[in-house]
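Taking it in order: structure first as structure tokens, then the write-up.
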Number of protein chains: 2
Amino acid sequence: MFDELCPSSLNPIRFGDKWAALVIRCLEGGPRRFSELRVPLRRVTPKVLTRSLRALERDGLVRRNVHAGRLRHVEYELTPVGRSLLEPIAVACAWTERHWDELLDARESYDDAARHDR
Amino acid sequence: MFDELCPSSLNPIRFGDKWAALVIRCLEGGPRRFSELRVPLRRVTPKVLTRSLRALERDGLVRRNVHAGRLRHVEYELTPVGRSLLEPIAVACAWTERHWDELLDARESYDDAARHDR
DNA sequence: CAGAATCCCACTCGATACTG
DNA sequence: CAGTATCGAGTGGGATTCTG
């Protein structure tokens, strides 16, 4: 899922925006700071990551906690509702894992047939 | 899911393009013709429905059968792989049904707070 | 009947640069 | 550190009209 060679854009199942599912899985192990999220999600620009987090926050799936101090830091964590999304995500991942090869094969032969028709 | 008052665009879980999940559920009961699909999916223009069906066909989720004759007609039906998608879809639907109200409430209070901050 | 052609809008995503 | 500002490209969806 975090593999660049396996772009999730090919996956027929999506949760929220492009990065939402990844963000949720990154928060599975507990609260994470913005810059901590940027490590596994280094392909996401801060602006886009922020928007994704805001959307999740708006839906009550993620809670945003600001810790003021000398060096301010912000933590994001899953709410119970957000955590409950892990189950459908896991089901979707299992489906994709089981049918990924069939999907790729189907696309290949479809595209081949289309190319032959021209 | 087919309700206009419940736009699936608010649903955080999506399968394929905007109409894919609906198409799949329409095909659950057996093969359907293009114009039959257009009845429950009357909000979808033919072009968009065609594109959605083609995408599903490309992924091997739907099979397209052309019956030539005096009056030509085309039938679409789920492949076994397509049918297997019904399970993740059902899980997603169950999740949404269970958390829909929380989602709406969260959005409302988030938007209220945002409006108050300005 | 089952689409294809054309045009267009809105929105998402991303790159880059900047800031309290 | 945790974002915001700006700009640009690409994509998806839709309205309308036409066709083998």
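In this text, all values refer to a predicted model and were calculated from it rather than measured experimentally. Just so we're on the same page: letters track the sequence lines, and every chain starts at 1.
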Q. Do A/Asp111 and B/Arg58 sit within salt-bridge range, that is, some charged N less than 4.0 Å from a carboxylate O?
A. yes

Q) Could you state the NE2-P distance from B/His67 to C/dA2, rounded to the nearest angstrom? A) 10 Å

Let me have the donor-acceptor pairs involving side chains of residues 63-70 of chain B, under 3.5 Å, with sequence neighbours excluded, atom names and distances please.
unit_1  : atom_1 : unit_2  : atom_2 : d
B/Arg64 : NE     : B/Tyr76 : OH     : 3.3
B/Asn65 : ND2    : B/Glu77 : OE2    : 3.3

Q: Calculate the interatomic distance between A/Lys18 atom NZ and D/dG12 atom P; express it in whole Å.
A: 11 Å

**Q.** Distance in angstrom units between B/Asp17 CG and C/dC11 C1', rounded
**A.** 16 Å

**Q.** Spacing of B/Arg70 atom CZ relative to C/dA2 atom P, expressed in whole Å
**A.** 15 Å

Q: Please state how far atom CG in B/Leu41 lies from atom C1' in C/dG3, giving the value in whole angstrom units.
A: 15 Å

Polar atom pairs (N or O), protein with nucleotides 1-7 of chain D, under 3.5 Å:
unit_1 : atom_1 : unit_2  : atom_2 : d
D/dA2  : OP1    : A/Arg33 : NE     : 3.3
D/dA2  : OP1    : A/Val74 : N      : 3.1
D/dA2  : OP2    : A/Ser35 : N      : 3.2
D/dA2  : OP2    : A/Ser35 : OG     : 2.5
D/dG3  : OP1    : A/Arg64 : NE     : 3.4
D/dG3  : OP1    : A/Arg64 : NH2    : 2.7
D/dG3  : OP2    : A/Tyr76 : OH     : 2.6
D/dT4  : OP1    : A/Arg54 : NH2    : 3.4
D/dT6  : O4     : A/Lys47 : NZ     : 3.2

Q.
Taking A/Tyr110 as the starting point, is it possible to reach B/Leu53 by hopping between hydrophobic residues whose side chains are less than 4.5 Å apart?
A. no

Q) When B/Leu41 is tested against each of B/Thr45, B/Val39, B/Val44 for side chain to side chain contact (heavy atoms under 4.5 Å, CB included), which residue passes? A) B/Val44

(Q) Please evaluate residues A/Arg107 and B/Asp59 with respect to the criterion salt bridge (Lys or Arg N to Asp or Glu O under 4.0 Å), reporting the C-alpha separation (whole Å), side-chain torsions for both, the decisive distance (0.1 Å), and the verdict. (A) CA-CA 5 Å; A/Arg107 283 181 201 188; B/Asp59 282 356; 2.5 Å; yes

Let me check something: any side-chain donor-acceptor pairs from residues 85-94 of chain B under 3.5 Å, sequence neighbours excluded? List them with distances.
none

Q. Rounded to whole angstroms, how far apart are CZ on B/Arg42 and P on D/dA15?
A. 14 Å

Q: Grab the CZ-C1' distance between B/Arg32 and C/dG3 for me, whole Å please.
A: 20 Å

Q: Give a yes/no on whether any side-chain N or O of A/Arg51 is located under 4.0 angstrom from OP1 or OP2 of C/dT12.
A: no

